[in-house]
Amino acid sequence: MNYLNPDSTIQKSGGELPHWQQGGALQFVTFRLGDALPLSLMRDWKEERLQWLAAHPRPWPAEIEAEYHRNFSAKIERWLDQGMGSGLFADPDARRMLAECLMRFDDERVRDEAWVIMPNHVHVLFSPKVPMEKLVQAWKGHSARVLGKGPIWQRDYRDTMIRDGDHYANVLRYIRRNPLKAKLAEGKFTLWERSVGEERRHSDD
């Protein structure tokens with residue numbers, strides 16, 4: 001596994017929500033439907049987050065990153081798991097099309113490790129082989145075209161570089177458990193992970 005090396009250069013991209021990449025180091029990315037969270041919730045969240053970021057410039061040591069996720073990521077995840085918005089991907093056909101998009105670039109632009117498609121958001125654990133913003137843009141753009149519903153995705157995404165084996169295991173466990181945490185029934189989500197022998201498993205199989 002290719003983990004974050006704190007002693008090597010980290011590339012920064014993006015504006016309001018900067019993204020960090022170190023070559024092919026493992027990444028955990030979440031992106032959501034544009035209508036998944038009300039603007040009023042996000043406005044207050046962004047104001048609080050900007051104040052916190054001003055006092056805690058990145059890159060962060062593990063304890064500061066954990067504080068960030070407790071204060072901000074966990075709140076977003078709770079809101080997403082409430083299933084607000086259109087919930088486009090509660091539909092199995094829509095999930096199937098998105099799943100094909102996520103695997104479209106596997107072993108070419110990315111090595112996928114695991115992902116879960118929830119009704120209004122997606123979690124992906126992967127090693128990028130190209131600039132990460134271009135990869136996420138390709139996933140979003142191709143899936144929007146295939147689904148034929150116009151611009152469905154939020155403009156940005158959230159990313160975290162994987163520090164070590166324990167961090168990897170925790171993220172993989174989170175992906176596996178997210179449908180249970182959100183109290184989703186079978187048929188309302190799709191889970192995939194790369195396991196020993198390159199076997200692939202979907203919850204809808």
Side-chain angles (χ1 to χ4, degrees), residues 17 19 26-39 41-42 73 75-160 171-205:
L17 186 62
H19 306 295
L26 282 155
Q27 295 273 1
F28 176 47
V29 163
T30 298
F31 52 98
R32 59 178 172 84
L33 291 172
D35 66 355
L37 296 176
L39 291 177
L41 285 180
M42 291 308 299
S73 301
K75 186 177 293 186
I76 292 288
E77 296 302 331
R78 285 196 302 272
W79 290 338
L80 289 175
D81 288 344
Q82 290 173 20
M84 292 182 278
S86 61
L88 172 63
F89 295 110
D91 175 67
D93 288 335
R95 286 201 311 280
R96 176 183 53 77
M97 288 187 278
L98 178 56
E100 291 173 356
C101 293
L102 292 175
M103 300 306 300
R104 176 183 175 89
F105 307 113
D106 188 37
D107 290 330
E108 178 188 342
R109 304 184 195 180
V110 61
R111 177 180 169 85
D112 292 314
E113 293 294 333
W115 47 256
V116 63
I117 302 174
M118 304 287 282
N120 62 4
H121 67 285
V122 184
H123 297 300
V124 192
L125 176 62
F126 62 94
S127 294
K129 298 184 178 184
V130 297
M132 189 171 61
E133 65 271 19
K134 293 186 180 297
L135 175 63
V136 177
Q137 183 181 31
W139 278 333
K140 288 181 177 181
H142 186 70
S143 60
R145 288 191 296 273
V146 169
L147 287 160
K149 295 185 178 294
I152 58 173
W153 298 107
Q154 70 164 135
R155 183 173 59 85
D156 223 323
Y157 58 92
R158 292 187 295 116
D159 58 283
T160 302
V171 167
L172 185 57
R173 187 180 305 114
Y174 182 89
I175 289 173
R176 290 171 176 166
R177 293 180 177 177
N178 195 201
L180 180 63
K181 178 170 167 280
K183 300 179 181 178
L184 291 180
E186 286 291 330
K188 296 297 183 182
F189 66 93
T190 301
L191 171 67
W192 177 92
E193 59 185 274
R194 189 185 301 274
S195 58
V196 176
E198 303 296 307
E199 295 176 2
R200 296 179 178 188
R201 177 173 62 84
H202 286 262
S203 66
D204 297 332
D205 289 349

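- Note that CG of Leu125 and OG1 of Thr160 are 10.5 Å apart. Values are rounded to the nearest 0.5 Å.
- Under the 3.5 Å distance criterion, the side-chain polar atoms of Asp159 are left unmatched by any main-chain donor or acceptor of His19.
- To the nearest 0.5 angstrom, Met132 atom CE is 11.5 Å from Ser127 atom OG.
- Side-chain contact between Val146 and Cys101: present, with at least one pair of heavy atoms (C-beta onward) separated by less than 4.5 Å.
- Between the side chain of Lys188 and the main chain of Lys183, no donor-acceptor pair closer than 3.5 Å is present.
- In this structure, the separation between NZ on Lys140 and CG on Leu135 is 11.5 Å, given to the nearest 0.5 Å.
- Between the Arg95 side chain and the Gly187 main chain, a donor and an acceptor come within less than 3.5 Å of each other.
- Between Phe28 and Tyr174, the angle of the ring planes goes over 60°, which puts this pair in the perpendicular group of the 30/60° scheme.
- Taking the side chain to side chain donor-acceptor pair (under 3.5 Å) definition, one finds that Thr30 meets it with His123, sequence neighbours left out.
- The CG atom of Leu88 sits 13.5 Å away from atom NE2 of His121, with the distance rounded to the nearest 0.5 Å.
- Using a distance-only test at 3.5 Å, with no hydrogens or angles considered, a donor-acceptor pair links the side chain of Gln154 to the main chain of Arg32.
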* To do: Tell me, with the steps shown, if Trp115 and Phe31 meet ring pair (Phe, Tyr, Trp, His ring centres under 6.0 Å).
  => CA-CA 11 Å; Trp115 47 256; Phe31 52 98; over 10 Å; no
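- Note on residues 79-90: pairs passing salt bridge (charged side-chain N to carboxylate O under 4.0 Å, His left out), not counting sequence neighbours, are Asp81-Lys181.
- A distance below 6.0 Å separates the ring centres of Trp139 and Phe126.
- Although no hydrogens or angles enter the test, the distance criterion places a donor-acceptor pair under 3.5 Å between the side chain of Asp106 and the main chain of Asp112.
- Side-chain atoms of Phe89 and Leu147, non-hydrogen and from C-beta on, do get closer than 4.5 Å to each other.
- Within the model, atoms CG of Leu80 and CE of Met118 stand 8.5 Å from one another, a figure rounded to the nearest 0.5 Å.
- Formation of a donor-acceptor pair under 3.5 Å by the Asn120 side chain with backbone atoms of Met84 is found in this model.
- Counting only residues at least two apart or on different chains, no salt bridge (charged side-chain N to carboxylate O under 4.0 Å, His left out) pair has a member in residues 117-135.
- To the nearest 0.5 Å, atoms CG (Leu102) and CD1 (Ile117) are separated by 5.0 Å.
- Between Glu100 and Arg96 there is a salt bridge, since at least one side-chain N of the basic residue sits less than 4.0 Å from a carboxylate O of the acidic one.
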